[in-house]
Amino acid sequence: MHRVVVTGMGLKSPAGNTPEDAFATVLAGKGVAAHLPALLEAAVPVTFGCAVTGFDPDAYFPRARQRHLDRPTRLAVAAAADARLDAGLPDHRDPDADGDARTGVYVGTGGGHTSYIADLGTLPREKLPVASVPMIMPNATAARISIRHGLQGPCLTFSCACASAAVALGEAMTAIRHGRIDAAVAGGVEAMLTPFAVAGFARINALSRRADAPHEASRPFDRERDGFVMAEAAAFLVLERADLAEARGARIYGELAGYATGVDAGHIVQPLDDGRVAARTMRAALADAGVRPEEVGHVNAHATATTYNDRAEARAISACFPDGSPPVTATKGVTGHLLGSGGAVEAVFALLAAARGVVPPTANFTGGPDADAIDVVHTAPRAIAPAPVLSNSFGFGGHSASLVLRPL
């Protein structure tokens, strides 16, 4: 099988709109949640979240084109374009050249175009935009990325709740490994910071109500956690066959070395309390990468700051590493819960951390019984030797996905 390397990364996130800026924010270990005008105006039960700021769509799209792109598609296409440029590949297709049939597009999203669909529902039928149907198609974002770059390989969309982006990355890696394609633009997007979606998550008591201090509301593994903080983001990685990347002289960040996915087959929103399926997924990803548990430098936990998820994941990590937990970080303390895009954003953080030998601190963590069996890094970054990292993503429906990234 072919080895798969990462040659480009791009993101638009609440922590920053480039990998370097976002990683610096994560290393600082301070939450970025704030009250949002649209939520305040709508008077929904929770009025804060982690939004992407400073994103200028004019830098990526003509004004006329923007009318046909909803927010998740704008964020995703921009992040994918950044990743392509970072990899030393062209931003736009050459109109005189044939399409690239050996490069695929793999997109993960939990909610897709839910926010735009909710907006359309408020309009009179005779005033629906002409582009309504192509804007709400679940595959629209992947198609827009393929059109921009002339990528004619597999163009696939995965929806596995908050494991979506990790699944997209893992499936792209699998296709390259087995020679079905040579490269892929893979990642995920989520943009549901709307009154409709926030009210829905609040209705099932999934969200933190810490309105007096939003930046302290996302508290992974902490004894005082009371729910997640909703966030939006897009992140994409360029994956390539290692030999082809080396032949073209590409700069290589590291290797996407292992992947596994599974499902609890239990409850539609609540994970199995003992985390046994999550632990099995983690062990399978390590085996897929040929990495022994004792070789793992750190774990980037899914850790959303909900009671059940964090407890189950702590037990899963403990079961996966019976001889002692490696350092564990939960970057959602800074960024909030990125939903379906989280696996890709956190793959960027995990690979940068592994390559640079530093584990970001878990923001707002002060301790708690659910984390007693694992080594949660907090207060300040921790220096470690460069080593493989295990990055977890779990989601409603019981989905689990784990990636192993190896610095080179």
Looking at [Y], is its backbone amide N or carbonyl O close enough to the side chain of [X] to form a donor-acceptor pair, meaning the two atoms are under 3.5 Å apart?
X      : Y      : answer
Asn300 : Ser391 : no
Arg406 : Ala354 : no
Arg276 : Asp264 : no

Could you give the distance from [atom1] ([X]) to [atom2] ([Y]), rounded to the nearest 0.5 Å?
X      : Y      : atom1 : atom2 : result
Leu272 : Gln270 : CG    : CD    : 9.0 Å
Arg251 : Asp86  : CZ    : CG    : 4.5 Å
Thr304 : Asn309 : OG1   : CG    : 4.0 Å
His378 : Asn364 : NE2   : CG    : 12.5 Å
Asp212 : Phe48  : CG    : CZ    : 8.5 Å
His178 : Met1   : NE2   : CE    : 5.0 Å

Which heavy atom of [X] sits nearest to which heavy atom of [Y], and what is that distance?
X      : Y      : answer
Ala363 : Gly31  : CB-N, 4.3 Å
Phe55  : Ala78  : CE1-CB, 3.6 Å
Ile384 : Pro327 : CG2-CG, 4.4 Å
Ala387 : Pro407 : O-CD, 3.4 Å
Val189 : Thr109 : O-OG1, 3.0 Å
Cys155 : Ala143 : SG-N, 3.8 Å

N/O donor to acceptor pairs below 3.5 angstrom from side-chain atoms of residues 227-240, sequence neighbours left out:
from	atom 1	to	atom 2	distance (Å)
Glu232	OE1	Arg71	NE	3.1
Glu232	OE2	Val52	N	2.9
Glu232	OE2	Arg71	NE	3.3
Glu232	OE2	Arg71	NH2	2.7
Glu240	OE1	Arg248	NE	3.1
Glu240	OE2	Thr7	OG1	2.6
Glu240	OE2	Arg248	NE	3.3
Glu240	OE2	Arg248	NH2	2.6

What I want to find out is whether [X] reaches [Y] closely enough, with some N-O distance under 4.0 Å, to be called a salt bridge.
X      : Y      : value
Asp182 : Arg241 : yes
Arg210 : Glu216 : no
Arg93  : Asp100 : no
Arg219 : Asp226 : no

When you compare the side chain of [Y] with that of [X], does any pair of heavy atoms fall below 4.5 Å?
X      : Y      : result
Ser218 : His337 : no
Pro154 : Tyr106 : yes
Leu351 : Val389 : no
Glu171 : Leu156 : no
Arg311 : Arg225 : yes
Pro129 : Leu123 : yes
Val46  : Phe201 : no
Pro381 : Pro361 : yes

Practice task
Could you list all the ring pair (Phe, Tyr, Trp, His ring centres under 6.0 Å) pairs where at least one residue sits in residues 133-155, not counting sequence neighbours?
Solution key: none
Problem - Residue pairs passing the ring pair (Phe, Tyr, Trp, His ring centres under 6.0 Å) test where at least one lies in residues 388-408, sequence neighbours excluded - result: His302-Phe394
Exercise for the section: Identify the residue among Thr157, Leu69, Thr73 that makes a side chain to side chain contact (heavy atoms under 4.5 Å, CB included) with Thr141. Expected result: Thr73
Practice task
Please list all pairs passing the salt bridge (Lys or Arg N to Asp or Glu O under 4.0 Å) test where one or both residues lie in residues 344-367, with sequence neighbours left out.
Solution key: Glu20-Arg356, Lys332-Glu346
Exercise for the section: Show your working on side chain to side chain contact (heavy atoms under 4.5 Å, CB included) between Leu169 and Tyr259 and close with a plain yes or no. Expected result: CA-CA 9 Å; Leu169 285 165; Tyr259 159 66; over 6 Å; no
Fill in the blank from the handout: For residues 43-66, the side-chain hydrogen bond (donor to acceptor under 3.5 Å, both in side chains) pairs (sequence neighbours left out) are Lys12-Tyr60, His35-Thr47, Asp58-Arg63, Asp58-Gln66, Tyr60-Asp82
Handout entry: Within residues 119-135 or reaching into it, pairs that qualify as side-chain hydrogen bond (donor to acceptor under 3.5 Å, both in side chains) - sequence neighbours excluded
Key = none
Handout entry: Check against side chain to side chain contact (heavy atoms under 4.5 Å, CB included), Thr114 and Phe196
Key = CA-CA 9 Å; Thr114 302; Phe196 168 78; 3.7 Å; yes
Exercise for the section: Using the side chain to side chain donor-acceptor pair (under 3.5 Å) rule, take Thr366 and Asp222 through it: C-alpha gap first, then chi angles, then the decisive distance, then the call. Expected result: CA-CA 6 Å; Thr366 60; Asp222 191 71; 2.7 Å; yes
Practice task
Dump the intermediate steps for side chain to side chain donor-acceptor pair (under 3.5 Å) on Ser146 and Gln152, then the final yes or no.
Solution key: CA-CA 7 Å; Ser146 71; Gln152 295 180 334; over 6 Å; no
Exercise for the section: Start with the C-alpha distance between Leu151 and Arg84, add both sets of side-chain angles, then the distance that settles side chain to side chain contact (heavy atoms under 4.5 Å, CB included), and finish with yes or no. Expected result: CA-CA 12 Å; Leu151 308 179; Arg84 290 268 301 180; 3.7 Å; yes
Fill in the blank from the handout: Result for side chain to side chain donor-acceptor pair (under 3.5 Å) between Arg315 and one of Asp273, Asp274, Asp310 points to Asp273
Practice task
I would like to know whether Met173 and Asp288 meet side chain to side chain contact (heavy atoms under 4.5 Å, CB included); could you show each step before the answer?
Solution key: CA-CA 12 Å; Met173 179 201 77; Asp288 187 50; 3.8 Å; yes
Exercise for the section: Indicate whether any N or O donor in one side chain lies under 3.5 Å from an N or O acceptor in the other, for Thr281 and Ser400. Expected result: yes
